[in-house]
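So the structure is just underneath, and the comments pick up after that.
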Amino acid sequence: MMFKTSLRHLREGFKGTLRNGWMSFAAISAVTITLLLVGVFALVMFNINEISDNVENDVEIQVFITRTADESSVEKLGQNIEQVPGVSTVTFSSKEDELAKFQDQLGDDAAAYGTVEKDNPLHARYIVKAQDPLELEEVAQSVSSLENVDDVKYGKDYIDKMFAFFNGIRIGGLALIVGLTLMAMFLISNTIKMTIFSRRREIEIMRLVGAKNSFIRWPFFIEGLVLGMLGALVPILVIYFGYDVAYSALQPSLDQLNSDIFKLIDPSTLTVQVSLVLLALGAFIGIWGSTTSLGRFLKI
Amino acid sequence: MMFKTSLRHLREGFKGTLRNGWMSFAAISAVTITLLLVGVFALVMFNINEISDNVENDVEIQVFITRTADESSVEKLGQNIEQVPGVSTVTFSSKEDELAKFQDQLGDDAAAYGTVEKDNPLHARYIVKAQDPLELEEVAQSVSSLENVDDVKYGKDYIDKMFAFFNGIRIGGLALIVGLTLMAMFLISNTIKMTIFSRRREIEIMRLVGAKNSFIRWPFFIEGLVLGMLGALVPILVIYFGYDVAYSALQPSLDQLNSDIFKLIDPSTLTVQVSLVLLALGAFIGIWGSTTSLGRFLKI
Amino acid sequence: MISMQKVSKVYPNGVVAMDDLDLEIRDGEFLYVVGPSGAGKSTFMKMIYREEKPTGGQLLIDGLDVGKIKDRHVPKLRRQLGVIFQDFKLLPSLTVYENVAFALEVVGADTSSIRKQVMDVLNLVGLKNKARNYPDELSGGEQQRVSIARAIVNKPKLIIADEPTGNLDPETAWGIMEVFEEIHRRGATIVMATHNRDIVDKIRHRVIAIENGKVVRDEEKGAYGYDV
Amino acid sequence: MISMQKVSKVYPNGVVAMDDLDLEIRDGEFLYVVGPSGAGKSTFMKMIYREEKPTGGQLLIDGLDVGKIKDRHVPKLRRQLGVIFQDFKLLPSLTVYENVAFALEVVGADTSSIRKQVMDVLNLVGLKNKARNYPDELSGGEQQRVSIARAIVNKPKLIIADEPTGNLDPETAWGIMEVFEEIHRRGATIVMATHNRDIVDKIRHRVIAIENGKVVRDEEKGAYGYDV
Ligand SMILES: Nc1ncnc2c1ncn2[C@@H]1O[C@H](COP(=O)(O)OP(=O)(O)OP(=O)(O)O)[C@@H](O)[C@H]1O
Ligand SMILES: Nc1ncnc2c1ncn2[C@@H]1O[C@H](COP(=O)(O)OP(=O)(O)OP(=O)(O)O)[C@@H](O)[C@H]1O
Ligand SMILES: [Mg+2]
Ligand SMILES: [Mg+2]
């Protein structure tokens, strides 16, 4: 393809978008709406995923220390636990800490138990987090075989259920995003096909005047690209600025919860990535919609 | 409008749908996809709403009975509580029940507290549910002024937060459904407009031959109706049968949780309602899309 | 029947297609409109059936100021006349039969009478055997004859024919002219733009020649009159 | 140049438009194709530029079996000939200039040479001042002349003209015929379907008459020959 011909196709592609003003507008707005939907859901899903990760990472193993262990062997145990492969953090909670927590829980009734304070029946504990929450079971087993460990607890059933639940959410979210994307692709290419369908007589005339299929196809290729990218513009802007706004609005109140779990993903990286994906998606669907639907009109 | 003319419009409306085969198909599938999305989200949102309601309705007031009250005055108190306006159910939990629950919570550590059993320091309680969870505060106040009530607790802060959270979900869900519906309306009417746009020359010819605007409009009205209703067909089938399947698959495992909270809405009524709404929506958007977009081609 | 006083038409792009035209067309007249390509013949006719509005002057049909009637009264006007368009303007998604029937349906005719009238007029233009075909399955001349059939099917008092024989061989053209003559004899007014010298010269009627949007000649029983 | 052996064409709806037609068209010939409306003239021409495939027989252009060439070779064939379509087939979204330039762009001509050639040919058909207008802003005859300009702009060796003067007044039609004569003198082959008796009778060339898809007459320097 010669240079001047490429220029011509480029020019005609842009002109075509303008000439079919209303149709182009309809196609662009279809792209806009569906990509907006995909983009917003993607953001929501990424955040839900992030929070699920946080919850999973927050899972702890309670290591009850034998009541008889003296201070130095307790310290030794702590060091040993840190050596266990897969352990990320180890925190100590003394008998007294435990009693305070317990009384906290009881609230008003605590006074009634005043007597137990002098003969604290609770165990001191190590609270252990795993690097990978999925390895919790192995870590727990390794730890339980250490010296001075009375018992190891990590709510196996509960955690298994929780992981299953989060996996369900992840798979559901992924399915939703994929479904929405497919839907967007279908709707957009459908709309673009309609714009081309309404120009089938023009295409027929071009062929009758001797235009090669590629000659007809290139401007439509450009046009599809333009439609798709223009359509992706608004969603990108909404996501780029909107997520920043939403983040600034929500994160402070989530921070009040004083928990490591409810942390939204930082806007800086996420929005750029999602925007790029949307742009690529718009461009791809635009081109795909316009070139595939041309096929049926390019039979001589 | 004469009868034979109405017949003609009806006939032409159906024929029009057939004649523009590919365009009609594109419009119908746009309706199908968007209504499917709206319908599925509506179902999910209804269920989330239901579960939120269940959670809210599960909120209880703990009425601590004075330790000194004798059996008959405890019973009297129970009857008095039942008289309080807005109370729905009242359940009694004796000192011993409370202790059992407490020991249950403690698990292994319970043995250490063995001593407390003989001198149980806990209060007997009435557990009260309100008819309308929003009236919880008033109910709690009324109850607290009754005789033999030591204290009334219902976790005001927690409940307020929870209600705010659920309201957030409800409003978000409603906004989502409304947004999706508007999106569906826009996309569908857009698509239908395109089918009509591609026939603007035909419309022009009809006008030149002396057709009144209403004469041109009626077949398009019918056509829009047909497109919208055909497009609603698949979503309705999917929702009608799909929800049944999903319900049968999910509810049993939710039942295992042994809670009144995780009850999905029974399919029988819900799906019929949602289906009817979708049908009406499809028909409405179809007609709306086709008749409004005609306007600009009906200028003489 | 038609009275034009200083009618002018300037298209949005600035082309002056009609320039202060004065003309009277009497009831029952047969008028040829001749003139070179781009002279304004079609514009002249489009203003009569109100596809275009005059930009100046007054155009009266039976006393009605066509340039000023409300949009919603335009269909009524058009249904009273039969128009043969230079570019046929057939509905591509309707068969030949349906295209012709359409002109009767818009006036709310009976289904049974529609059937008979349509088949009669298709017979008249020699297209009875093409009734079930679609316009794009027809030859150019056949399409033109469908357009003619549609224009005459509801026996209008005024027929506007823009180049009705341009795609017809002489023999078929003469057949169509006989139909017009017959309709004219029954009292209808016919305004026909044409380039067909043979017809104008042989079937003598009033001839007006338009050039650059002006009437440059107006003769009773005139000839085509452009020498080559 | 063109050789037809027992070429037949049956349209999908069963209409036999071409019936075992045998014909030889020599290089540099000027051929009139006449015949009544619906006789098969346009079908005859459509097969030459391969809008329609023959359903039987063999159609050779310069030895190439047009009915059998691969789809992707069709554009090359069409670019070597200039076609004037009975219904003009202008691109509605392009201006007059762009419509004519399109025929040069498809062959990959230089932008500068395109400009000159297009303006020259628009001048030839008398439409220089309409270059920036869109087809729907033109009169019927002007549209027809744009179609003619597009067909001749890249100086093809073979011109297929289907009723090229149907919407033109006699004077403009003679002007166009002079252009054709000039192109013919320079060596091009011209196949022209027409209903214009005057032209066929005055500018004598070979005439073939088609009726019901058959050649019923084939005369060198013939006349239009249908008496009315
Ligand atoms: N819609 C339009 N917009 C702008 N200019 C127009 C329009 N229609 C026609 N014209 C111009 O107005 C002039 C008269 O056009 P008109 O169609 O009336 O000519 P005509 O006499 O019918 O010619 P022909 O014999 O070729 O059909 C021409 O110069 C034409 O280019
Ligand atoms: N696409 C088609 N499908 C079916 N039948 C067709 C098609 N095109 C043409 N015909 C029929 O084939 C016959 C020949 O048509 P053609 O267009 O070749 O006639 P023509 O000689 O060009 O007539 P005219 O002078 O009216 O243009 C006609 O009877 C026509 O109805
Ligand atoms: Mg005209
Ligand atoms: Mg023809």
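Residue numbers begin at 1 in each chain, while the letters A, B, ... track the order of the sequences. Not measured: the values here are computed from a predicted model.
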Does D:F102 have any ring pair (Phe, Tyr, Trp, His ring centres under 6.0 Å) partners at least two apart in sequence or in another chain, and if so, which?
A:F215
What is the minimum heavy-atom distance between D:P75 and A:G210, and which atoms define it?
CB-O, 3.5 Å
CG of D:L94 to CD of A:E202, rounded to nearest 0.5 Å, is 7.0 Å
Residues of residues 79-89 of chain D with any heavy atom under 4.5 Å of a heavy atom in chain A
D:R79, D:F85, D:K89
So, using side chain to side chain contact (heavy atoms under 4.5 Å, CB included) as the criterion, who are the partners of A:D132 when residues are at least two apart?
A:L134, A:E135
Using side-chain contact (heavy atoms from CB on, under 4.5 Å), reason through A:L208 and D:R78 one step at a time and then give a plain yes or no.
CA-CA 7 Å; A:L208 283 176; D:R78 290 183 181 161; 3.9 Å; yes
Under 6.0 Å from the CZ atom of A:F241, do we count more than 12 heavy atoms belonging to anything else shown?
no
Pick one of side chain, backbone, both or neither for D:L77, based on which atoms fall under 4.5 Å of a heavy atom in chain A.
neither
Looking only at heavy atoms, the pair that brings D:V106 and A:V209 closest together is CG2-O, 4.1 Å
Please look at D:A101 and chain A and tell me whether the side chain, the backbone, both or neither of the residue comes under 4.5 angstrom of a heavy atom of that chain.
neither
Take a 6.0 Å sphere around OH of A:Y240 and say whether it holds more than 12 heavy atoms from other residues, nucleotides or ligands.
no
In terms of side-chain geometry, is the basic nitrogen of D:E105 or A:R11 positioned less than 4.0 Å from the acidic oxygen of its partner?
yes
If you count every heavy atom of other residues, nucleotides or ligands that lies below 6.0 Å from A:F163 atom CZ, does the total exceed 12?
yes
Heavy-atom count around A:F46 CZ within 6.0 Å, excluding the residue itself: above 12?
no
Just wondering, more than 12 heavy atoms not from A:R296 lying within 6.0 Å of its CZ?
yes
Determine whether more than 12 heavy atoms belonging to other residues, nucleotides or ligands lie under 6.0 Å from atom NZ of A:K263.
yes
Strictly less than 4.5 Å between heavy atoms, which residues of residues 12-39 of chain A line up against chain D? Please order them by number.
A:E12, A:K15, A:R19
